[in-house]
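Worksheet: one structure, shown below.
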Amino acid sequence: MQVTLRVFRYNPEKDKRGRYETYTLEAEETDRILDLLEKVKGYHDGTLSFRRSCAHGVCGSDAMRVNGRNYLACKVLVRDVGERITVEPLLGLRVIKDLIVDMEPFFDNYKKVLPYFINDTALPEDGKERRQSPEQRARFDDTTKCILCAACTTSCPSYWASDDYLGPAALVTAHRFIFDSRDAAASERLKIVGETSGVARCHTIYNCTMACPREIQITRAIGELKLATLTGKLE
Amino acid sequence: MAGLYASRSVKTAVISKLYPTRSHTGAAQGGIGAALGNLEEDHPEWHTYDTVKGSDYLGDQDAIEFMCEEAPEAVLELEHMGLPFDRTPDGKISQRPFGGHTNNVTGKPVRRAAHAADRTGHMILQTLYQQCLKNKVTFFDEFQVLDFLSVNGKTAGVVAVELATGELHVFHAKAVIFATGGHGRIFEVTSNAYAYTGDGAAVLLRRGIPLEDMEFFQFHPTGIYKLGILITEGVRGEGGVLINGAGERFMPKYAPTVKDLASRDIISRAIYTEIREGRGVNGKNYVYLDARPESVNRYAALDGRTNPDGSAYTVTAEELLHKLPDIVDFNRVYLGIDPMTQMMPIQPTAHYTMGGIPTNKYGEVVVDDRNTVYPGLYGAGECACVSVHGANRLGTNSLLDLIVFGKHSGLKAAEYAGQAAFEPLPADAESNARAQLDELRGGTGKENAFDIATEMKKVMFDDVGIYRSSKGMQSAIEKIGELRERFRHVKVMDTGRIFNTELLNAWELGSMLDIADVIARCALNRTESRGGHSREDFSKRDDQNWLKHTLAVLNGGRVDISYKPVAITKYPPKERTY
């Protein structure tokens with residue numbers, strides 16, 4: 001089948017503003033959008049720039065907008081979006097070149113929620129694992145799936161409108177540690193997400209949940225954080 | 001892991017061509033092997049023997065013993081760093097069976113793979129990155145290393161290009177650890193990321209460092225048909241079985257004891273044999289992996305498989321979904337099928353680089369048959385060849401390898417850097433890197449890099465793949481030579497500095513072509529079959545002549561091959577059956 005691929009282009013060394021280029025390609029309906037971008041780069045215009053690595057939805061490099069919605073380009077197929085396809089960079093982050101955006105503000109927010117396991121108490125005497133029941137482990141399973149692709153954060157109107165909102169991805173990371181029974185810094189993190197740049201900025205729009213390629217129930221996780229900041233309780 | 005450990009005592013920078021959380025460790029699914037014995041009896045000695053046997057006796061037994069002894073502590077250390085392993089009912093780290101891992105008394109599969117659903121690698125990568133942030137390790141994200149610098153045979157640093165600006169940077173260092181991954185992208189069907197282009201090995205090869213056992217590459221039995229995306233061995237660990245086009249479970253013919261949990265080289269060859277004898281599905285190049293709960297339960301009953309408490313092993317769809325969520329997701333997204341009610345079409349996929357930069361068990365790069373250490377240079381993970389995997393790696397041992405040898409290379413590099421002085425940088429340290437990029441910008445433009453890459457991948461998969469023959473490999477070597485010549489005429493059209501990914505991709509293709517040439521030559525040279533290297537014209541293992549490692553050196557454009565002995569301690573080679 002033939003598809004029309006309309007791609008946002010911006011070369012900071014030449015262009016004053018972005019523009020769109022349209023490519024007509026032969027494609028299979030099972031082709032990934034990433035496959036189409038590779039084809040354009042290989043045979044139509046080598047200057048087209050985008051990030052990618054694993055090509056099967058686990059590394060988080062190639063989040064972008066396809067027909068107006070955030071996806072990983074390697075996890076959305078032609079049959080999912082049809083024959084007329086528009087590909088654009090993520091919203092809310094500065095475009096550096098073509099489909100590549102500046103990820104630094106995104107990672108800066110991630111770093112604000114103490115995104116690492118903290119427990120300075122003594123290890124079990126036998127040197128073995130800190131015990132955790134399957135139920136305790138299940139409590140934060142969903143939020144361990146995050147690959148930091150930024151699809152959620154850049155789909156969030158509150159994030160677009162704000163300079164300092166932590167955004168859904170950083171909150172997902174906070175959730176992953178706050179609800180881990182082994183972690184000892186929940187109160188510190190709850191304080192961070194309880195500030196005005198935190199959960200208060202979430203207006204339950206659900207864009208993040210819709211955008212997540214890992215199907216994390218993000219709005220629910222943020223809701224659990226909201227409740228915990230109010231009650232100080234983790235159940 | 002290496003950066004984390006080094007940073008505890010010396011000033012450390014991590015240079016990565018991707019954001020670190022994009023690294024391919026994150027794609028590892030099934031588990032990390034360690035004889036914790038959390039669910040049943042297990043011992044590091046059993047793990048050692050299984051790994052030696054899995055390596056088809058080409059692994060160095062001192063290094064294997066070291067890795068397997070260190071394994072339980074290494075896995076517990078990850079747990080102490082917060083890694084969210086799945087749990088047993090009593091709260092311990094959960095473990096599942098995996099190919100080639102056995103109870104050495106009964107020969108039956110043993111639960112040794114510590115796991116976090118089917119995203120164990122993701123959890124390891126995230127946890128280590130997080131701990132690096134906690135320890136304030138400095139990261140240079142999206143910097144591609146192009147060259148290794150040395151003075152008087154000692155390490156002086158590396159040269160890297162910053163993707164965001166196109167600028168070359170010289171990193172002056174007392175010690176350098178390469179943890180640059182494998183090169184599966186030289187093959188047509190692969191589970192590997194685009195980034196897996198063998199850059200680290202190629203950079204050192206061009207600077208005169210040998211590469212070890214490059215002919216050994218692992219083809220994982222279960223990649224999604226055509227796409228190559230990995231379906232973890234954990235599916236078979238949970239009871240999934242392989243079914244040919246005639247509807248028969250075929251692995252008992254090839255591995256009567258452990259059947260679908262034989263080691264990967266054996267299963268990949270079995271699948272190819274089925275296909276070649278006309279028992280692929282619909283006459284095509286694939287077979288089925290069946291993980292439907294009713295099939296799992298039927299075959300588990302036939303095999304007499306039991307739970308740790310002795311009761312009969314059964315699963316429900318809900319349990320499988322919980323243990324293998326990503327596998328279900330991959331099937332739904334890419335194939336539109338539900339593995340709980342349908343069988344998955346699979347074919348072997350290029351998966352893992354057993355060979356690589358020669359190191360000892362401390363991660364020190366060793367450059368000759370006497371294992372002479374190269375001062376200040378270290379390797380860890382898939383790019384390195386310790387060698388613990390020999391001719392065939394067991395599942396779960398790659399994550400173990402990178403944790404154990406990442407740790408020890410980090411410690412050793414820090415120890416060295418703590419007492420060594422900086423070597424002076426060579427004059428115009430960037431010149432070699434700059435010349436490589438200039439050449440790619442200045443080609444005639446009559447050749448297309450994508451065409452060259454496509455042809456390389458095809459010839460490597462077809463002729464230097466699962467089955468190899470003298471004729472096929474000779475023609476592959478000629479073809480690669482022709483492609484390398486054509487590569488000189490490639491011209492990068494993008495003249496910009498900022499995120500010139502076309503230039504970067506072309507440079508990576510140069511790495512792949514160099515590596516492909518070395519692999520094909522080493523494979524042709526080894527006139528026997530062992531582990532992942534399987535020759536139709538020399539179908540038997542030949543310990544008399546070939547119980548030795550290959551060392552390949554680039555000598556003025558020519559590949560010179562020499563050998564070094566295999567370290568054998570407790571386990572004399574014997575015939576390998578499963």
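Here the structure is a predicted model, which is why all the values come from computation and not from measurement. The sequence lines fix the lettering, A, B, ..., with proteins before strands; numbering per chain opens at 1.
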Test item: side-chain donor near acceptor, [X] and [Y], under 3.5 Å:
X        : Y        : value
A:Ser53  : A:Ser61  : no
B:Lys226 : A:Thr30  : no
A:Thr154 : A:Asn70  : yes
B:Asp326 : B:Gln29  : no
B:His351 : B:Ser191 : yes

Answer with side chain, backbone, both or neither: which region of [X] has an atom nearer than 4.5 Å to a non-hydrogen atom of chain A?
X        : answer
B:Ala195 : both
B:Tyr129 : side chain
B:Arg22  : both
B:Ile229 : side chain
B:Ile224 : neither
B:Leu83  : backbone
B:His122 : side chain
B:Asp451 : both
B:Glu73  : neither
B:Phe499 : both

Query raised in the report: Does A:Ser181 have any side-chain contact (heavy atoms from CB on, under 4.5 Å) partners at least two apart in sequence or in another chain, and if so, which?
Result: A:Gln132, A:Gln136
May I ask you to say whether [X] pairs ionically with [Y], meaning some side-chain N is under 4.0 Å from a carboxylate O?
X        : Y        : answer
A:Arg139 : A:Glu135 : no
A:Arg9   : A:Asp45  : yes
A:Asp141 : A:Arg137 : yes
A:Arg220 : A:Asp142 : no

Hey, which of [options] has the most heavy atom pairs under 4.5 Å with chain A?
options                                : value
B:Lys134, B:Arg497, B:His322, B:Met493 : B:Lys134
B:Arg119, B:His24, B:Glu142, B:Met123  : B:Arg119
B:Gly496, B:Gly26, B:Pro84             : B:Pro84

Report task. On the 0 to 90° scale, with breaks at 30° and 60°, tag the A:Phe107-B:Tyr19 ring pair as parallel, tilted or perpendicular. Result -> parallel
If you count heavy-atom pairs under 4.5 Å between each of [options] and chain B, which one has the most?
options                                : result
A:Lys14, A:Arg79, A:Lys39, A:Lys111    : A:Arg79
A:Met103, A:Lys128, A:Arg214, A:Glu38  : A:Glu38
A:Ile118, A:Thr173, A:Thr144, A:Asp180 : A:Thr144
A:Gly60, A:Pro12, A:Ser133             : A:Gly60
A:Arg51, A:Arg182, A:Arg32             : A:Arg182
A:Cys54, A:Cys59, A:Pro124, A:Ala138   : A:Cys59

**Report entry** Min side-chain heavy-atom separation A:Ile178-A:Asp183 under 4.5 Å
**Finding:**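 Not touching, per the 4.5 Å side-chain cut-off.
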Query raised in the report: Going by heavy atoms in the side chains, are A:Phe117 and B:Gln131 under 4.5 Å from each other?
Result: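 A side-chain contact exists here, since the closest heavy-atom pair is under 4.5 Å.
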Requested in this report: Measure across A:Ile216 and A:Cys212 and return the closest heavy-atom pair with its distance rounded to 0.1 Å.
Outcome: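 Result for this residue pair: N-SG, 3.3 Å.
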Query raised in the report: Checking A:Leu148 against chain B: side chain, backbone, both or neither under 4.5 Å from a heavy atom?
Result: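 When you check distances to chain B, atoms from both the backbone and side chain of A:Leu148 fall under 4.5 Å.
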Query raised in the report: If contact means a heavy atom pair closer than 4.5 Å, which residues of residues 86-96 of chain B contact chain A?
Result: B:Asp86, B:Arg87, B:Thr88, B:Pro89, B:Asp90, B:Gly91, B:Lys92, B:Ile93
Query raised in the report: Is the side chain of B:Thr25 donor-acceptor paired with the backbone N or O of B:Leu125 at a distance under 3.5 Å, no angle test?
Result: no
**Report entry** B:Asp42 side-chain N/O to B:Gly37 backbone N/O, donor-acceptor pair under 3.5 Å
**Finding:**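 The answer is no, because no donor-acceptor pair under 3.5 Å joins these two groups.
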